[in-house]
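What you are looking at is a predicted structure, and each value in this text was computed from that prediction instead of being measured.
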Amino acid sequence: MTENPNYSDRYFSEHFLGSPVMVILRGLPPAETVRLCERAVELGLSLIEVPVQSEATFESLRAAIAWGQSTGHEVGAGTITSVALLRQVADAGATFTVAPGSDLAVMTESDALQLPHLPGVGTATEVHHALVAGFRWQKAFPAAALGTNWISAMHGPFPAVKFVATGGITAANAGGFLQAGAGAVSLGSAFATSDGAGVRALSNR
């Protein structure tokens with residue numbers, strides 16, 4: 001197992017210390033993406049992910065990155081499934097990346113680029129492989145299907161891992177995942193309609 005935390009570990013530890021909540025803005029037009037970026041900041045969230053799966057979503061990512069660069073906020077790219085895509089979003093100015101799985105080539109390249117990366121895991125084998133590669137922060141996906149018990153169970157053999165519960169997370173159920181030991185949670189489609197007070201309460205935990 002890797003003894004020295006890599007660049008991703010330091011990055012996510014620092015940012016989730018201030019607020020254990022990330023927002024995912026998937027498949028929205030550029031203007032709406034930027035509007036929700038502004039709402040996220042107003043509610044105290046420090047990390048914003050914009051998944052990229054088509055040229056249209058790249059337009060939204062670029063708009064969010066431009067907003068982040070002008071306001072001093074962190075905007076990352078999600079659904080990174082190849083080294084080529086990793087390099088493309090790095091060139092676009094993404095400050096971190098998130099993946100649905102734990103691809104060793106992507107993890108290795110992200111560390112070489114010093115671009116913080118959050119690999120996705122859903123089994124003990126994937127957790128182990130990501131940890132051996134040096135990634136202590138991992139995206140537990142799909143979290144709602146895995147359940148809070150999965151989080152607490154994985155902490156038995158992998159006490160050092162910090163899970164970011166992602167997939168089906170709402171302001172209503174997020175607290176249960178944090179109580180189960182998740183290091184952070186991600187609010188996706190539920191964010192746009194979430195009660196602001198509920199989101200703010202999560203960000204202040």
Side-chain angles (χ1 to χ4, degrees), residues 6-28 30 32-41 43-103 106-121 130 134-141 143 162-167 169 182-189 191-192 199 203:
N6 68 2
Y7 191 79
S8 296
D9 191 351
R10 296 192 297 272
Y11 179 89
F12 290 112
S13 292
E14 174 184 342
H15 285 279
F16 283 133
L17 179 64
S19 170
V21 183
M22 180 166 66
V23 63
I24 303 172
L25 304 178
R26 180 185 297 276
L28 300 171
E32 179 67 1
T33 298
V34 170
R35 185 187 74 80
L36 290 176
C37 284
E38 294 171 344
R39 181 174 189 258
V41 169
L43 294 175
L45 310 187
S46 64
L47 294 181
I48 298 166
E49 172 196 340
V50 180
V52 288
Q53 294 174 285
S54 66
E55 183 54 39
T57 55
F58 256 98
E59 291 180 9
S60 294
L61 174 65
R62 294 186 188 102
I65 288 173
W67 166 85
Q69 291 173 340
S70 67
T71 58
H73 295 99
E74 305 288 329
V75 175
T79 318
I80 303 305
T81 55
S82 69
V83 169
L85 186 55
L86 177 75
R87 292 171 178 164
Q88 189 175 359
V89 299
D91 289 343
T95 56
F96 67 94
T97 57
V98 183
S102 48
D103 185 300
V106 171
M107 291 188 285
T108 300
E109 181 67 10
S110 69
D111 208 32
L113 293 173
Q114 290 197 333
L115 181 62
H117 181 67
L118 191 67
V121 297
F135 291 80
R136 190 167 65 100
W137 282 92
Q138 303 175 11
K139 167 183 164 180
F141 177 80
K162 298 289 187 180
F163 293 108
V164 181
T166 306
I169 301 299
V185 294
S186 294
L187 295 176
S189 58
F191 174 72
V199 175
S203 69

Assess whether side chain to side chain contact (heavy atoms under 4.5 Å, CB included) is satisfied between Thr166 and Val98, documenting all intermediate values. CA-CA 11 Å; Thr166 306; Val98 183; over 6 Å; no
Closest non-hydrogen atoms of Pro51 and Thr79, given as atom of the first, atom of the second and distance, are CB-OG1, 3.4 Å
Given side chains that start at C-beta, do those of Glu109 and His117 come closer than 4.5 Å, heavy atoms only? no
Say you draw a straight line from NE2 of His73 to CG of Leu45; how long is it, rounded to the nearest 0.5 Å? 10.5 Å
Counting C-beta onward and ignoring hydrogens, is there a side-chain heavy-atom pair between Val41 and Thr71 closer than 4.5 Å? no
ring-ring contact (aromatic ring centres under 6.0 Å, His included) partner of Phe16, chosen from Trp137, Phe96, Tyr11: Trp137
Provide the closest heavy-atom pair for Ile169 versus Ala143 in the form atom of the first, atom of the second, distance. CD1-CB, 3.9 Å
Quick check: closest heavy atoms across Gly27 and Thr57, and the distance to 0.1 Å? CA-CG2, 4.4 Å
Arg10 backbone acceptor or donor facing Ser13 side chain under 3.5 Å: no
In short, Tyr7 meets Gln114 closest at the heavy-atom pair CE2-O, 2.8 Å
Is there a side chain to side chain contact (heavy atoms under 4.5 Å, CB included) between Met22 and His15 once you walk through the steps? CA-CA 10 Å; Met22 180 166 66; His15 285 279; over 6 Å; no
So CD of Glu49 and CD1 of Ile80: to nearest 0.5 Å the spacing works out to 8.5 Å
Heavy-atom closest pair (Gly68 atom, Val75 atom, distance to 0.1 Å) is CA-CG2, 4.3 Å
Out of curiosity, Ser8 OG to Leu118 CG, how far, rounded to the nearest 0.5 Å? 8.0 Å
To the closest 0.5 Å, what do you measure between CG (Leu25) and CG (Leu61)? 10.5 Å
Step by step, work out the salt bridge (charged side-chain N to carboxylate O under 4.0 Å, His left out) result for Glu38 and Arg35. CA-CA 5 Å; Glu38 294 171 344; Arg35 185 187 74 80; over 6 Å; no
State the OG1-CG distance between Thr95 and Leu115, to the nearest 0.5 angstrom. 8.0 Å
Minimum-distance pair of heavy atoms, taken over all atoms of Pro100 and Phe141: O-CD2, 4.3 Å
Centre of Phe191's six-membered ring, under 6.0 Å away, within 45 degrees of the axis: is that where NZ or CZ of Arg39 sits? yes
To the nearest 0.5 Å, how far apart are CZ in Phe135 and OG in Ser102? 10.0 Å
Judged by atom type as modelled, is there a donor-acceptor pair below 3.5 Å linking the side chain of Ser203 to the main-chain atoms of Leu43? yes
